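The next block holds one structure in the form of structure tokens; read it before the comments.
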Amino acid sequence: MQFSPLRVFALALTVTFGFNGCATTTKIVNQWVNPDYGSPRFRRIMVVGVSKQPGIRRTFEDEFIAKLKAAGVDAVPSHFSIFRRTDRLKKPGCKKR
């Protein structure tokens with residue numbers, strides 16, 4: 001069984017990169033921090049769930065918000081503010097463009 005030189009080269013290249021990728025490690029040797037920086041306090045957080053099924057999205061957002069509120073964080077669900085295009089079209093008075 002003979003292999004073309006291109007296949008042998010591609011295999012050798014893949015193996016080389018594979019070994020090199022696993023052999024090296026990354027170390028953080030220096031870190032800069034600004035001691036004068038104060039992060040802003042958020043007054044309210046919007047929880048955004050991503051799902052094709054609106055029911056799952058609403059359930060996720062509502063449960064997440066309940067846990068945040070139990071921890072003392074004010075949060076709102078995105079399904080009150082961000083609508084899918086099909087949701088907007090179902091509202092009375094909305095026209096299809």
Side-chain angles (χ1 to χ4, degrees):
M1 179 176 216
Q2 274 190 331
F3 294 106
S4 69
L6 183 60
R7 276 191 171 180
V8 172
F9 177 73
L11 179 63
L13 193 65
T14 303
V15 169
T16 302
F17 282 129
F19 284 135
N20 285 338
C22 296
T24 60
T25 59
T26 304
K27 262 188 346 186
I28 297 176
V29 293
N30 197 358
Q31 182 178 356
W32 180 81
V33 177
N34 183 356
D36 298 328
Y37 177 75
S39 63
R41 293 283 302 163
F42 295 103
R43 289 174 291 199
R44 182 176 284 171
I45 296 173
M46 179 180 282
V47 176
V48 179
V50 180
S51 176
K52 291 182 179 181
Q53 298 174 347
I56 292 175
R57 173 184 166 197
R58 286 188 191 100
T59 302
F60 168 79
E61 291 175 0
D62 293 339
E63 288 181 16
F64 202 100
I65 287 170
K67 291 185 181 192
L68 286 173
K69 287 190 178 187
V73 177
D74 187 19
V76 294
S78 69
H79 62 261
F80 287 149
S81 304
I82 302 172
F83 300 103
R84 290 184 1 194
R85 184 174 180 185
T86 55
D87 292 343
R88 228 179 291 138
L89 293 176
K90 291 177 187 175
K91 286 189 166 193
C94 290
K95 297 179 184 177
K96 190 174 183 178
R97 294 183 188 185

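Bear in mind the structure is a predicted one, so any value in this text is a computation, not a measurement. Both backbone and side-chain heavy atoms feed into the values below; hydrogens, waters and symmetry mates do not.
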Fill in: Test side-chain contact (heavy atoms from CB on, under 4.5 Å) applied to V47 and L68, D62, V76, the passing residue
L68
Fill in: Closest non-hydrogen atom pair, M46 against P77
CG-C, 4.4 Å
Practice prompt. Please list, chain by chain and in numerical order, all residues satisfying side chain to side chain contact (heavy atoms under 4.5 Å, CB included) with T59, sequence neighbours excluded.
Written response: E63
Taking only distance into account, with no hydrogens and no angle test, what donor-acceptor pairs under 3.5 Å do side-chain atoms of residues 33-40 form with protein atoms, sequence neighbours excluded?
from : atom 1 : to  : atom 2 : distance (Å)
N34  : OD1    : D36 : N      : 3.0

Practice prompt. Can you see which heavy atom on S78 is nearest to which on G49, and at what distance?
Written response: OG-N, 4.2 Å
Item to complete: With sequence neighbours excluded, tell me which residues meet side chain to side chain contact (heavy atoms under 4.5 Å, CB included) with V50.
Response: none
Practice prompt. Sorted by first residue and then second, give each ring pair (Phe, Tyr, Trp, His ring centres under 6.0 Å) pair with at least one member in residues 54-79; sequence neighbours left out.
Written response: F60-F64
Practice prompt. Sequence neighbours left out, what passes salt bridge (charged side-chain N to carboxylate O under 4.0 Å, His left out) with R44? Give chain and number order.
Written response: D74
Worksheet item: Mind checking what makes side chain to side chain contact (heavy atoms under 4.5 Å, CB included) contact with I28, not counting sequence neighbours?
Response: none
